[in-house]
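Some notes on the structure that comes next.
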Amino acid sequence: MNLTAARTALSAARRVAVLTGAGVSAESGIPTFRDAQTGHWARFRPEDLASPGAYRRDPDTVWEWYAGRYRDVLRAHPNPAHHHLAQLERQKGAGLFLATQNVDGLHARAGSGTHGGQLVELHGNLISARDEVTGETFPLPHPDALITPPVSPRGHRMRPNVVWFGEFLPEDALEAAQAAFAEADVALVVGTSGVVYPAAGLALETLRQGGVVIEVNPEATELTERMTFSLRDTASRGLAALLGG
Ligand code: OAD
């Protein structure tokens, strides 16, 4: 398949499923998980900050780190890649399903999930927290007003609302994504290395059902060989080429 055929397939598709990863937020200047380990934090491994064990041992340090990442994402802005995907939802309405592995909340800020389609944050987000007793999630106050660890309106301690090393993805989010990818005429896989479950599994589900899978990534990935078409470009340029007028 070439770019023209990929554009045609996308524009004709009634159901489109999209999976995004860290590459989509790279152009917003969000440090990836590992790049965020600078300065004071360089002596911590990600596993020492983002795991249930780390939180049990030292909740204050874990919250301090998440508060810093939360501050970073509030300073960042959605980039053209986020806006292209929100625009695609305006075209497809309920036929658009967007699953992201990113926890920065930038797809929601670009308007995804508000034009009739669905946005699922597979790994949670940094801008809310979860009541440790009831499991309910609540928005966090602005980082300047955030006292850690935050306490929920129910009076219980809250934990970051993200999926940690050694934890499972929320079952309902994963099931919704699997169903959407199985039903998709076209799946888009943008800015993800495809090494971490469920990225690989979702795209392969679309292929198994006879759909088209298009990858946008400046580098070849574990998934590239299986793709119907791979666009070797950044998320913003690649999506402009696929979706632009
Ligand atoms: P990775 O850091 O594994 O991969 C980022 C991908 O983005 C790579 O394939 C890059 O080539 C690509 N990339 C870089 N710049 C880009 C750009 N401007 N446009 C498009 N693509 C670009 O990130 P993810 O695949 O998101 O999990 O990783 C998935 C999960 O693994 C993360 O959510 C995290 C991590 O462990 C948890 O925190 C649970």
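A quick note: this is a predicted structure, and the numbers were derived from the prediction, not measured. Numbers for residues simply follow the sequence, beginning at 1. When a ligand or atom number is given, it counts from 1 through the structure's own listing order.
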Quiz item: Is the count of non-hydrogen atoms from other residues, nucleotides or ligands lying under 6.0 Å from R71 atom CZ greater than 12?
Solution: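 Yes.
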
Self-check item: From the candidates A235, S193, A220, the one that places a heavy atom nearest atom 3 (O) of ligand 1
Solution: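 Of the listed residues, S193 has the closest heavy atom.
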
Exercise. Only heavy atoms count here, so choose which of R237, H123, E27 is nearest to atom 33 (O) of ligand 1.
Key: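 Nearest heavy atom to atom 33 (O) of ligand 1 lies in H123.
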
Quiz prompt | Between CG on residue L239 and CG on residue D233, distance to nearest 0.5 Å | solution =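 It is 9.5 Å, given to the nearest 0.5 Å.
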
Quiz item: What heavy-atom pair brings A76 and L106 nearest, and what distance separates the two atoms?
Solution: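 Looking at all heavy atoms of both residues, the shortest contact is O-CD2, 4.3 Å.
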
Quiz item: Between V120 and F97, which heavy-atom pair has the shortest distance, and what is it?
Solution: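 Here V120 and F97 meet closest at CG2-CZ, 3.6 Å.
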
Quiz item: For N217, is at least one N or O under 3.5 Å away from an N or O on ligand 1?
Solution: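 Checking ligand 1 against N217, an N or O pair does fall under 3.5 Å apart.
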
Quiz item: Looking at ligand 1, does any of its N/O atoms fall within less than 3.5 Å of an N/O of T192?
Solution: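 N/O-N/O distance below 3.5 Å exists for this pair.
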
Self-check item: Side chains of T221 and E215, donor plus acceptor under 3.5 Å
Solution: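 On atom types as modelled, these side chains qualify, holding a pair under 3.5 Å.
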
Counting from 1, what ligand 1 atoms have a heavy atom of [X] closer than 4.0 Å?
X	answer
G191	5 (C), 6 (C), 7 (O), 20 (C), 21 (N)
E219	11 (O)
T234	18 (N), 19 (N)
A22	23 (O), 24 (P), 26 (O)
G21	26 (O)

Quiz item: Can you tell which part of Q101 has a heavy atom less than 4.0 Å from ligand 1: side chain, backbone, both or neither?
Solution: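 Near ligand 1, Q101 shows its backbone as well as its side chain.
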
Exercise. Check V163 against ligand 1 and report side chain, backbone, both or neither, counting heavy atoms closer than 4.0 Å.
Key: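 Looking at V163 and ligand 1, just backbone atoms fall under 4.0 Å.
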
Self-check item: Face-on cation placement of R159 at W164 ring, 6.0 Å and 45° thresholds
Solution: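 Yes; both conditions hold, so R159 lies above the ring face of W164.
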
Quiz item: Should L3 and V186 be counted in the same cluster of Ile, Leu, Val, Met, Phe, Trp and Tyr side chains packed under 4.5 Å apart?
Solution: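 Yes.
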
Exercise. Group every Ile, Leu, Val, Met, Phe, Trp and Tyr by side-chain heavy-atom contacts under 4.5 Å, then state whether Y55 and L146 land in the same group.
Key: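 In one cluster: yes.
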
